[in-house]
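See below for the structure under consideration.
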There are 2 protein chains.
Amino acid sequence: MRISDRRAGVTLRQVAEEAGVSIAAVSKVLHGRGDSVRVGEERAQAIRKVAERLNYVPNLSARQLRTNRTNTVGLLFENFGEISAGPQYYVHLLDGVASELFSRHYRLTILPEFDHHAPLQSLADGRVDGLIWCKLPGTPSFLDQFREFSLPCVALNAPPPQAAADGKVAFVSCDNNAGSWLVINHLVELGHRRILFALERREEDTPDARARLQGFFAACHQHGIWVGEEDVVTWSTDAQEFPAWWNQRTGHTAIYAWNERLGAEILRAADRIELRIPDQLSVVGFDSTQYCETTIPRLTAVNQPIREMSQYAAKILLDQIEGGSAERYSVIFPCTLDVRDSTAIAPRPHSIGELH
Amino acid sequence: MRISDRRAGVTLRQVAEEAGVSIAAVSKVLHGRGDSVRVGEERAQAIRKVAERLNYVPNLSARQLRTNRTNTVGLLFENFGEISAGPQYYVHLLDGVASELFSRHYRLTILPEFDHHAPLQSLADGRVDGLIWCKLPGTPSFLDQFREFSLPCVALNAPPPQAAADGKVAFVSCDNNAGSWLVINHLVELGHRRILFALERREEDTPDARARLQGFFAACHQHGIWVGEEDVVTWSTDAQEFPAWWNQRTGHTAIYAWNERLGAEILRAADRIELRIPDQLSVVGFDSTQYCETTIPRLTAVNQPIREMSQYAAKILLDQIEGGSAERYSVIFPCTLDVRDSTAIAPRPHSIGELH
DNA sequence: CTGAAAGCGCTTACAG
DNA sequence: CTGAAAGCGCTTACAG
């Protein structure tokens, strides 16, 4: 008796019956499967003819179950349904991943935001061959779980060092630390000596943010700039804290925002209180994309080669899936600084007074 | 004997053995499957305990095969690996589709560009429950094939009328025709009487382009503007034909570009030959997104609510998948015009001469 | 060279 | 209420 909710697809069996051969023979001819199976040219022709006539389409769910391979890679990043609002960064990331995957005949599945309460293992439900995980959480409890994770996975963006040392996961990131150096060098060259580092709430503990902050500290130190508590703030995404900060600042002439969007919001907030950027204040961001060309003034920002990075992440993931190699890779891409219109020579302390 | 390349996953059977119950009982308790199966509370508790201890993860490939449902929707549009280069339009489309899918616990699979030589049926290989097809081809031969297509499918962007009449496919689009009216009304109000419609090569036969062109004809006619062969051109994506056209134009004072990108490229091309937009020429585009804010000058463009459209497309697709209803919907969303800085009062013919 | 058969891990109609 | 069994559509080791 047939099960009711079945699709009316033509199966390998039907082709085999129609052609008067075994299922194995059809599988061999149509899909090239089965090393021990051999089929002569005439029979092969006949099989192909029947398959075409019946409009046979292989059921890939069945193949997946049998071979435990899906030819699909999962992509995991937060707030997927909001990429048009966020930094262009994510669009380049998608392009990089997709181009590599498609050229190697893989599909891309976007996974909904990871549920921190669900078991990590549920990602290994047989629907993807591997995972590209953007901003892999860095908390110890998560990493503990992650150690047991069975699916090939590449983390995009710097994980905490111990995960890398484990060799448990490949990771690809830009050199956030060096990026901060580029920013500070640039600002110092322009005469700035008091620089604020602005983090974003709920992003302040991401590996990226932490690495940029580290770089900020180190570079300031190198330039003999004293960095204290009042030089690092955590603001909301819309930088609403900016005006209050501006009124109580202690001699700062520049802000280094942890990403492009926060930088842009600071620009907007400054405009609202009629601050002139870059004359009165220099602003720098991170993740230099087309978006930074659209701000007023255009935002100076660190450029990370996100397309190349994400393409590379996809590449090593596929290599791992196909090679089955236990070997892990980790690559850090260098950054550059795109100097635009939001940075300028530091105003001298007394000239700030004049401008008020 | 075990097959070698098998993953080491815990199965329903193992849980059942460990708990001393039937597979059916475990399936019922853990997944809620099987209406005829009933399990008491104590046994259910025991089963859940064992499953947790063994770290059981259901194999969804197996479920897919059995139920012929994947809880995954495929998205098909061209040049996926290049969205960062293209109009922002596609990013909003992704957001709309993803937000609806995710909120209803579906996954989104991005399909590589459709191979026109492959059989259409191969999309129905059991890996997606339905399809959102952006810019469904409108050629007769394609539509012929499409008539036999077995997978639920929603077309985003206007298909040719006959496909709609068939009721064979649901479709969602904006009112391209009315969008053109908005453009022409705006330009006529500014005094323009000679308007060029610019198509893009390889896109000139898309339903969108054709509908916009229709609207252009109709609206011009309504305003008593004569439209001839010299008023419609097909240019390459970078608008390289623009300078030559400008030198040989026959009194045109405005260009209506079929989409935002071509509009932006015309702006750039005009800048290269030191034309002043909008003083010497008005330019309008279609698909008003953040991108139009970034051009110099900012591009006046028709705004289609692409996020809402794509979200709606996803919604009716899921309704169809879940309801199994044969009912098809078709919805046309209204457009609005975002007037920015690339349009102005038409220069009088002799003042054009002065400007040269 | 070829076919019959086992099995992937589930769901579900059916028999007890 | 519960379990044993068939079957989804493939792939592949094995026997002829």
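Just the heavy atoms: all of them, side chains too, but no hydrogens, waters or symmetry mates, feed the values below. Proteins get letters first, then strands, A, B, ... in listed order; numbering begins at 1 in each.
Not one N or O on the side chain of B/Ser99 forms a donor-acceptor pair closer than 3.5 Å with the backbone of A/Gly81.
Looking at B/Asp125 and A/Arg107, a side-chain N of the basic residue comes within less than 4.0 Å of a carboxylate O on the acidic one, giving a salt bridge. Salt bridge annotation for B/Arg307-A/Glu82: present, with a cationic side-chain nitrogen under 4.0 angstrom from a carboxylate oxygen. Ion pair A/Glu100/A/Arg104 flagged as a salt bridge, since at least one NZ, NE, NH1 or NH2 atom sits closer than 4.0 Å to an Asp/Glu carboxylate oxygen. Taking a cutoff of 4.0 Å between a charged side-chain nitrogen and a carboxylate oxygen, B/Lys49 and B/Glu42 do not qualify as a salt bridge.
Remark: C1' of C/dC8 and CZ of A/Arg127 are 18 Å apart, rounded to the nearest angstrom.
For A/Leu12, whose side chain is taken as the heavy atoms from C-beta onward, the closest listed nucleotide among D/dG9, D/dC10, D/dA13 is D/dC10. Comparing atom distances between the A/Arg66 side chain and each of C/dC8, D/dA6, D/dT2 picks out C/dC8 as nearest. Checking D/dG9, D/dT11, C/dG3 against the side-chain heavy atoms of B/Leu65 singles out D/dG9 as nearest. Among the nucleotides D/dT2, D/dG9, D/dC10, the one closest to the side chain of A/His31 is D/dC10.
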Legend entry - Secondary-structure notation, DNA chain C, from Watson-Crick and G-U pairs under 3.5 angstrom (| other strand): |||.||||||||.|||
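Residues B/Ser22 and B/Ala62 each lie close to DNA chain D; by heavy-atom proximity, the contact nearer the 5' end of the strand is made by B/Ser22.
One can find a donor-acceptor pair under 3.5 Å joining the base of C/dC14 and the side-chain atoms of B/Ser36.
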